[in-house]
J.: 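One structure, pasted below without further comment.
Convention: sequence-line order gives letters A, B, ...; per-chain numbering from 1. Just so we're clear, the structure is a prediction, and the values are computed from it rather than from any experiment. FYI, side chains are in, hydrogens and waters are out, and symmetry mates aren't considered; it's all heavy atoms of this structure.
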Amino acid sequence: MIVEIETILAGIREALPNSGISFRKNPGPSGQHSLLVDGSNLVEVCQFLQDTLDFDLLSNVTGVDWPEPAKADAVAVPEGEVTPAAEGFLEVLYHLYSTNRRVGPLVLRARTADRAGNAKIPSVVSVFRSAEFQEREIFDLYGVIFTGHPDLRRILMWDEFVDFPMRKDYVAPDDYEYEPTPHDAVLEKAKTHYPSSETQDGKIQDTRKEPVL
Amino acid sequence: MISDSSMLYSTPALETGDDEDQLLRVSLGPQHPSTHGVFRMNVVLDGETVVSLKPVFGYLHRNHEKIAENATYLSSMPYTDRLDYICPLSNNWAYAHAVEKLAGIEVPERAEYMRVILAELTRLINHTAFAGFILGDMGAWGSALMYAFREREKILDLFEDLTGARMMANFMRFGGCRNDLPAGWAMKCGKLVDDYGPFLDEMEKFLVGNEILLARTQDVGQLPKDILINGGITGPMLRAAGVNYDIRKVEPYGIYERFDFRIPLGEIGDCYDRIMIRFLEMRESLKILRQALDQLPEGDYIHPKAKIRNFKPPVGEAYGRIEGPKGELGFHLISDGTTNPYRYRVRPPSFINLTLLEDMCLGLDLADVVIILGSIDIVLGEVDR
């Protein structure tokens, strides 16, 4: 049932010598260790796992935001001395299974260079179709750009939305929905949201008709 | 943030060539009885034939995963009920299973038996309701669903006796269940299991020989096995195409290896196979239920040292999955050693099973789309999260 991750690692290193792949230990009791793959080789590694080692089911794709790189290395402990990343990054995890050999999960992780302009990872949709919607979801909620994805656009949030709500530093808006007669907690929030809209009798006016800038 | 706004694509235009005037664009849903909730599909039709189908998600999105990151581990348990609200107890189990992997918690034997009983009852609910819904999609509006819901309500009564709620159970805990079975519950459950077989006989009799059902479902929506696996399709959808992959057998969680049951497999993988596979699965669930009720041991319903307050799993991550009624239901949790999960990810079977919806529907009639969507068996609480 449990994958023999050392054997797989050796197999990948032999077949793809420049894959830049490394073992990451899981310190928890689950025993699900992972392989950190360099983004530029991710598609080749997935193709190799599918063709040679029969990992045909990409079950789950998870996005994670790591503003503090040290935390990421605490969850996925590197072997030996590794210089930690200089700045925060986004990470994508892949859980692979083999339906014939009935083993899994094989956990792959790929990291972006940073959380801003270079938040890019190659898409694995060309190897595993099951990543299509899941990568779109990670793009939508985290802002990872999957290069080569056939149809990368927002999936759960609406198209006009600008931020990425699952990031750790996401700030929720002051008011989610306009309320014509705010009261209680919403009234307090509305006062900060529309500071100049308060009239002398303390009521909030409908400022949506003439927005206060 | 992304500065280049061209990265944010909108829905791509369909390349239609000279046929533009001939095509009809239909927005199917979100308010439509056959979309099983607020699901929408942008369909392009050439006459009656589907040329393009783009699903539109998010009408029920509430960012469940973010809410769970801002709550303790246990406070997310009632929220998992709302994912797939037809089968809340399976969701409870999947989440408890993942947390138990993450923290290395053991579950007492009686609690394991209770979990199996509840999960299999949930499977009965889901597949029975499915039969009612899909016949509704085919135009048998009302009566089939009434028969299905009559039986479902009997199981929900059992759930209410046990958990206090028909659907929003919030019953599993890390290391067991919330409370013990009330007196006489197992006997009532046994009676229900005995009565369920005749109901299935009756329902199947209506289905198997029904000419309209055969005409509408046979050779509709099938895809080859390898494409289904590649598309991440799991559960009855995959087994209907003949792939022997059931997590209860492949990776026996809980105590499933103790029971004698078989995995029904389809041959073709069309909508008819998908309906029949669910009926066969219900028969197997009844077998498991009988064995579990016979073997149900005395003992603790929760691990005596299970921590309820100030529960902090060690640093690490875990992916736990179970065979939900709709497919592989998994939870991926990352702990940084605090009371709240650092990352909480749901692997929703309904959502991922929709990946190949367009492939199944292309070239068929619009009326078939409704059947295919029904045969995937989605619940929007789980799709949109």
J.: Quick one: of B:E65, B:R321, B:K101, who has the most non-hydrogen atom pairs under 4.5 Å with chain A?
T.: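 The candidate making the most pairs under 4.5 Å is B:R321.
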J.: Can you tell me which portion of B:Y59 sits under 4.5 Å from chain A's heavy atoms? Options are side chain, backbone, both or neither.
T.: neither
J.: Between B:N230 and A:Q50, is the side-chain contact (heavy atoms from CB on, under 4.5 Å) condition met? List the steps.
T.: CA-CA 10 Å; B:N230 195 265; A:Q50 190 191 47; 3.1 Å; yes
J.: Sort B:V56 into side chain, backbone, both or neither according to what part of it lies under 4.5 angstrom from a heavy atom of chain A.
T.: neither
J.: Is it the backbone or the side chain of A:Y142 that comes under 4.5 Å from a heavy atom of chain B, or both, or neither?
T.: side chain
J.: Under 6.0 Å from the CD atom of B:E106, do we count more than 12 heavy atoms belonging to anything else shown?
T.: no
J.: How long is the gap from CG on A:L93 to CD1 on B:I334, to the nearest 0.5 Å?
T.: 5.5 Å
J.: Please state whether the side chain, the backbone, both or neither of B:N353 comes within less than 4.5 Å of a heavy atom of chain A.
T.: neither
J.: Once rounded to the nearest 0.5 Å, what's the spacing between atom CG of B:N63 and atom CG of A:L141?
T.: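 Reported to 0.5 Å precision, the distance equals 5.5 Å.
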J.: Do the numbers put A:K168 on top of the ring of B:Y342, so that NZ or CZ is under 6.0 Å from the six-membered ring centre and no more than 45° off the axis?
T.: yes
J.: Measuring heavy-atom distances to chain B, does A:V61 have an atom under 4.5 Å in its side chain, in its backbone, in both, or in neither?
T.: backbone
J.: So which heavy atom on A:S30 is nearest to which on B:A318, and how close?
T.: CB-CB, 3.7 Å
J.: Checking B:R347 against A:S59: is there a side-chain donor and acceptor pair closer than 3.5 Å?
T.: yes
J.: About how many Å separate CG of B:L228 and CG of A:L57, when rounded to the nearest 0.5 Å?
T.: 11.0 Å
J.: Pick whichever of B:I352, B:T234, B:L238 has the most heavy-atom pairs under 4.5 Å with chain A.
T.: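 Winner by heavy-atom pair count: B:I352.
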J.: Measuring from atom CZ of A:R102 to atom CD1 of B:I247, what distance do you get when rounded to the nearest 0.5 angstrom?
T.: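 CD1 of B:I247 is found 11.0 Å from CZ of A:R102.
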J.: What part of B:E100 gets closer than 4.5 Å to chain A, counting heavy atoms only: side chain, backbone, both or neither?
T.: neither
J.: Check this for me: does any side-chain nitrogen of one of A:D65 and B:R343 sit under 4.0 Å from a carboxylate oxygen of the other?
T.: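 Salt bridge: no.
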J.: Is there a donor-acceptor pair under 3.5 Å between the side chain of B:E317 and the backbone N or O of A:V75?
T.: no
J.: My understanding is that only one of B:I229, B:D359, B:I227 makes a side chain to side chain contact (heavy atoms under 4.5 Å, CB included) with A:R129; could you say which?
T.: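 It is B:D359; the other options fail the test.
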J.: Whether the side chain of A:K71 engages the backbone of B:D336 through a donor-acceptor N/O pair (distance < 3.5 Å, no angle test) should be reported.
T.: no
J.: Inspect the surroundings of NZ in B:K66 and state if more than 12 heavy atoms from other residues, nucleotides or ligands are less than 6.0 Å away.
T.: yes
J.: Is it true that atom CZ of A:R13 has more than 12 heavy atoms of other residues, nucleotides or ligands lying nearer than 6.0 Å?
T.: yes
J.: What part of A:N60 lies closer than 4.5 angstrom to a heavy atom of chain B: side chain, backbone, both or neither?
T.: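 Looking at A:N60, backbone and side chain both touch chain B.
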J.: How long is the span from the NE2 atom in B:H332 to the CD atom in A:Q32, to the nearest 0.5 Å?
T.: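 Reported to 0.5 Å precision, the distance equals 7.0 Å.
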J.: Answer with side chain, backbone, both or neither: which region of A:V125 has an atom nearer than 4.5 Å to a non-hydrogen atom of chain B?
T.: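 Contact with chain B is absent: no heavy atom of A:V125 under 4.5 Å.
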J.: Who wins among A:H95, A:K25, A:Q134 for the most heavy-atom pairs under 4.5 Å with chain B?
T.: A:H95
J.: Do A:P27 and B:P314 make a side-chain contact, defined as non-hydrogen atoms from C-beta onward lying under 4.5 Å apart?
T.: no
J.: Does B:F57 have its ring centroid less than 6.0 Å away from the ring centroid of A:F133?
T.: yes
J.: Would you indicate whether B:E267, at its atom CD, is surrounded by more than 12 heavy atoms from other residues, nucleotides or ligands within a distance under 6.0 Å?
T.: no
J.: Inspect the contact between A:E137 and B:R385 and indicate whether a charged nitrogen and a carboxylate oxygen are less than 4.0 angstrom apart.
T.: yes
J.: Could you state the interatomic distance from CG (A:L156) to CZ (B:R62), rounded to the nearest 0.5 Å?
T.: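 One gets 10.5 Å once the value is rounded to the nearest 0.5 Å.
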J.: Under a 4.5 Å heavy-atom cutoff, which of B:Y319, B:Y245, B:F351 has the most pairs with chain A?
T.: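 Most heavy-atom pairs under 4.5 Å with chain A: B:Y319.
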J.: What part of B:L354 gets within 4.5 angstrom of chain A, counting heavy atoms only: side chain, backbone, both, or neither?
T.: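 For B:L354, backbone and side chain are both near chain A.
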